[in-house]
Structures are given as C-alpha cells and as structure tokens.
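First the structure, in the form of structure tokens, and then the observations on it.
Remember, it's 1-based here, ligands and their atoms both numbered in the order they're listed.
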Amino acid sequence: MSSHSSHGASPELRTRTFVDGTWHEGSPALIGPKSHAMWLGSTVFDGARWFDGVAPDLDRHSQRVNRSAEALGLKPTVAAEEIEALAREGLNGFSGETAVYIRPMYWAEGGGYMGVPADPETTRFCLCLYETPMIEPAGFSITVSPFRRPTPETMPTLAKAGCLYPNNGRAIMEAKKRGFDNALVLDMIGNVAETGTSNIFFVKDGVVYTPVPNGCFLNGITRQRVIGLLREAGREVVEKSLSVADFMDADEIFSTGNHSKVVPVQRIEGREMQPGPVYREAREAYMAFAKKAG
Ligand code: PMP
C-alpha cells in the first residue's frame with residue numbers, strides 16, 4: 001500500500017485549500033516560525049473521501065474534527081454542518097475523475113502559560129481537498145511492532161491529532177525495514193490496538209472480531225460503519241480485547257479506514273493468507289452503503 005505516500009504535493013494532482021474565507025489553488029503557506037502549531041504541534045485533522053461522486057460519513061468526519069479540536073484545547077470555530085457544506089462547495093471545483101481526500105484541520109497560533117498549552121482564542125481552521133486515487137485493495141502485510149500505542153494518560157489519544165503520528169510513523173518505518181508494509185501496534189498492556197494507519201479485524205469460523213475501543217486507539221468512523229453494516233447483514237461481530245495469538249490463528253484479517261475503506265491483509269508475520277469471503281462481504285457492504293449515502 002504505497003499510496004499513502006501520495007499525500008505529498010504532486011504537480012499533476014489538483015489541490016484546493018479553504019482558509020480565512022477564501023479558496024486557494026494548491027497548498028498555501030499557512031504557519032510561521034512563531035506559530036504554536038509549528039513549535040509545539042497543536043494540529044488536529046480529519047480525513048474523509050470523495051470518490052465516484054460520493055463522500056460517505058462526511059458529516060461524522062466533520063463532527064469528529066471539532067471533538068478533536070476540543071480534546072487538544074483548541075476552539076472549534078466552524079460548525080460541523082458548515083465544514084460539510086464547505087467541503088461540498090470545494091469539491092464542485094474537481095473533475096471527479098480522480099478521488100479526493102478531504103482534510104479539515106485546526107491549529108493554534110499562540111500559546112498560554114510559558115507558551116506550552118495552545119491558546120484556544122488563536123485557533124485557526126483550514127480545509128484542504130486534494131486528488132488522491134483510491135487504491136486497488138490488493139492487500140498488505142503486517143508485523144507486530146516493538147512500539148506501542150500511548151494510553152489516554154500519556155497522550156491525547158481521543159483526538160485525531162498530528163502529535164500522535166510520529167509514533168505511527170516510526171512503527172511503519174520499523175516494519176518496512178523488516179520487509180512488511182504496515183505495523184500491527186499493541187496497546188501498553190499488550191492487546192492488539194490497530195495498524196499504523198487503520199483499524200483491524202479478523203474472522204474465525206465466520207465470526208468477526210475487532211479490538212474493543214479502550215481509549216488507546218481511534219474508534220474509526222469506517223470501523224463503526226463496517227461493524228454496523230455486518231451486523232445488519234446478520235453477521236456476528238465481537239468487540240473484545242484481542243491478542244496477537246488470536247490474529248495469528250485467524251481465517252481472514254482485514255483493515256478499515258477512510259483512506260482505502262476495507263482492505264485485506266495478505267500476510268501476518270510469516271503466514272500468508274488470501275482475501276476471504278467475509279472481507280469481500282464487508283467491502284461490498286461498505287461500497288453499497290457509500291453509493292446510497294451520497
Ligand atoms: N487508526 C489510525 C491510526 C488512523 O490513522 C485511521 C485513519 N485515519 C484509522 C484508525 C481509521 O479511522 P477512520 O475510519 O475514522 O478513518
């Protein structure tokens with residue numbers, strides 16, 4: 001899944017950014033050296049997708065970025081409905097031939113006591129839309145990371161915040177060094193949490209299992225959607241604490257996330273696996289939902 005590198009600027013892929021009331025073509029410079037975001041990392045974001053003319057769960061992604069802002073001590077200045085309306089307005093400027101990544105963000109310009117906490121009164125907002133093709137769900141490989149997810153006591157884990165991602169980044173880099181695409185990251189007590197980029201599920205004897213949200217990882221919007229769709233279709237989905245051994249013994253493993261939706265795992269450690277029927281059921285159910293949701 002090399003497509004995650006496509007988040008960088010690319011001349012042939014279009015980008016539009018809304019900031020301070022205006023749409024700009026491309027990726028305008030927004031923060032200076034004195035910005036709290038540049039210095040101490042007070043950024044939050046969310047990610048949604050527009051493909052085949054649909055933007056599933058855009059309302060939930062817009063609501064979540066405002067919750068993330070509050071969790072980081074920022075002041076969400078744009079109502080969720082307004083973020084959604086802005087995104088739809090901005091999407092009108094795209095041809096629709098290439099899928100778009102929808103990324104609302106907040107950050108602080110100034111700090112409070114000794115400059116350290118973000119000053120909520122200096123919160124800024126931008127909405128960046130950029131062409132990023134959907135990937136073919138060819139599957140990816142995972143290996144258990146030596147790095148762990150922080151607890152809610154040690155990091156603002158309930159925010160989708162930029163400050164959490166250097167940890168995910170080093171987990172992925174370490175996995176790549178050992179020949180894997182992505183990392184399977186555990187929480188501090190050794191339960192499986194998520195991958196470096198997505199939530200994780202496995203299937204055993206027709207039952208779907210996924211880690212129960214315990215505050216140490218993102219309870220993803222795609223995760224919640226897929227659980228709901230599978231249950232509606234009559235499939236049993238169990239949310240509980242899960243170990244690496246549970247995953248090693250699985251019939252199928254797949255992941256969920258807004259970027260690539262539902263994608264199969266084709267190798268865990270030394271064990272090769274094929275995309276299975278429950279993975280296909282989950283992906284098809286998600287795509288059918290997306291088409292209907294608009
Ligand atoms: N976990 C991590 C670390 C992620 O980066 C993402 C995707 N942003 C997810 C899970 C999936 O969350 P969602 O379905 O809300 O995109």
Side-chain angles (χ1 to χ4, degrees), residues 1 3-7 43-51 54-68 71 80 83-84 87 99-105 128 130 132 134-135 137 140 142 145 147-152 155-175 181-187 191-201 210-230 237 239 242 253-263 265 282-283 285-287 289-290 293:
M1 283 220 310
S3 66
H4 284 250
S5 61
S6 63
H7 284 213
T43 63
V44 297
F45 70 101
D46 217 289
R49 288 294 246 151
W50 183 61
F51 61 101
V54 298
D57 285 327
L58 182 55
D59 53 347
R60 294 187 187 199
H61 289 285
S62 303
Q63 290 155 13
R64 185 172 66 182
V65 75
N66 281 1
R67 289 200 302 276
S68 294
I83 296 173
E84 189 179 349
V100 172
Y101 195 79
I102 303 169
R103 177 147 61 82
M105 307 182 80
C128 188
Y130 49 98
T132 307
M134 297 298 283
I135 58 159
F140 63 105
I142 53 173
S145 181
F147 300 112
R148 297 283 180 99
R149 290 287 304 174
T151 63
M155 282 295 271
T157 49
L158 295 180
K160 196 162 170 62
C163 64
L164 298 167
Y165 280 81
N167 194 44
N168 297 31
R170 66 180 183 158
I172 294 166
M173 285 189 283
E174 194 280 333
D181 298 315
N182 207 330
L184 187 64
V185 186
L186 313 185
D187 66 21
N191 298 311
V192 170
E194 59 180 4
T195 78
T197 59
S198 56
N199 291 115
I200 192 86
F201 291 69
T210 194
V212 62
N214 62 1
C216 297
F217 65 90
L218 195 69
N219 179 5
I221 289 168
T222 322
R223 173 193 181 280
Q224 294 173 49
R225 178 61 66 193
V226 166
I227 290 172
L229 290 168
L230 286 170
V237 183
E239 297 175 77
L242 298 168
I253 303 178
F254 60 88
S255 80
T256 64
N258 73 81
H259 186 277
S260 310
K261 308 309 180 190
V262 189
V263 181
V265 166
R283 186 171 173 94
Y286 186 88
M287 291 305 178
F289 150 76

Item to check | Proximal atoms of ligand 1 relative to Lys160 (non-hydrogen, under 4.0 Å) | outcome: 4 (C), 5 (O), 6 (C), 7 (C), 8 (N)
Item to check | Positive for ring-ring contact (aromatic ring centres under 6.0 Å, His included) with Tyr101, one of Tyr130, Trp50, Phe51 | outcome: Tyr130
Checklist entry - Do Asn182 and Thr197 have a side chain donor and acceptor closer than 3.5 Å? => result yes
Item to check | salt bridge (charged side-chain N to carboxylate O under 4.0 Å, His left out) involving Arg148 - partner list, sequence neighbours excluded | outcome: none
Checklist entry - Closest non-hydrogen protein atom to atom 11 (C) of ligand 1, residue and atom name please, with distance? => result Asn199 OD1, 3.6 Å
Checklist entry - For atom 1 (N) of ligand 1, which candidate among Glu194, Gln224, Arg223 holds the nearest heavy atom? => result Glu194
Item to check | Contact with ligand 1 for His259, non-hydrogen, under 4.0 angstrom | outcome: no
Checklist entry - Just by distance, with hydrogens left out, do Asn214 and Asp187 show a side-chain donor and acceptor under 3.5 Å apart? => result yes
Next on the checklist: Treating Ser68 as the side-chain partner and Ala161 as the backbone partner, does any N or O pair qualify as donor plus acceptor under 3.5 Å?
Outcome noted: no
Next on the checklist: For a 4.5 angstrom cut-off between non-hydrogen side-chain atoms, does Arg223 reach Glu239?
Outcome noted: yes
Checklist outcome for this item: A student checking ligand 1 against Gly220 at a 4.0 Å heavy-atom cut-off should list atoms 12 (O), 13 (P), 14 (O), 15 (O)
Next on the checklist: I'd like the name of whichever of Phe45, Tyr165, Phe217 reaches closest to atom 5 (O) of ligand 1 through any heavy atom.
Outcome noted: Tyr165
Next on the checklist: Under 4.0 Å, heavy-atom basis, I'd like to know which part of Asn168 is in contact with ligand 1: side chain, backbone, both or neither.
Outcome noted: side chain
Checklist entry - Looking only at protein heavy atoms, which one is nearest to atom 6 (C) of ligand 1, and how far off is it? => result Thr197 O, 3.2 Å
Next on the checklist: Closer than 3.5 angstrom, by distance alone: can the side chain of Thr210 be matched with the main-chain N or O of Ile200 as a donor-acceptor pair?
Outcome noted: yes
Checklist outcome for this item: Between Pro150 and Thr157, the two heavy atoms sitting closest are O-CG2, 3.3 Å
Item to check | Asn258 (side chain) donor-acceptor with Thr222 (main chain) under 3.5 angstrom | outcome: no
Next on the checklist: Looking at ligand 1, would Ser198 count as a contact under a 4.0 Å heavy-atom criterion?
Outcome noted: yes
Checklist outcome for this item: So for Ile221 against ligand 1, with non-hydrogen atoms under 4.0 Å, the contacting part is both
Item to check | Proximity winner for atom 16 (O) of ligand 1, if only heavy atoms of Val185, Thr195, Asn258, Asn167 are counted | outcome: Asn258
Checklist entry - Is there at least one pair of N or O atoms, one from His61 and one from ligand 1, spaced under 3.5 Å apart? => result no
Checklist outcome for this item: heavy-atom search around atom 14 (O) of ligand 1 in the protein gives Thr222 OG1, 2.6 Å
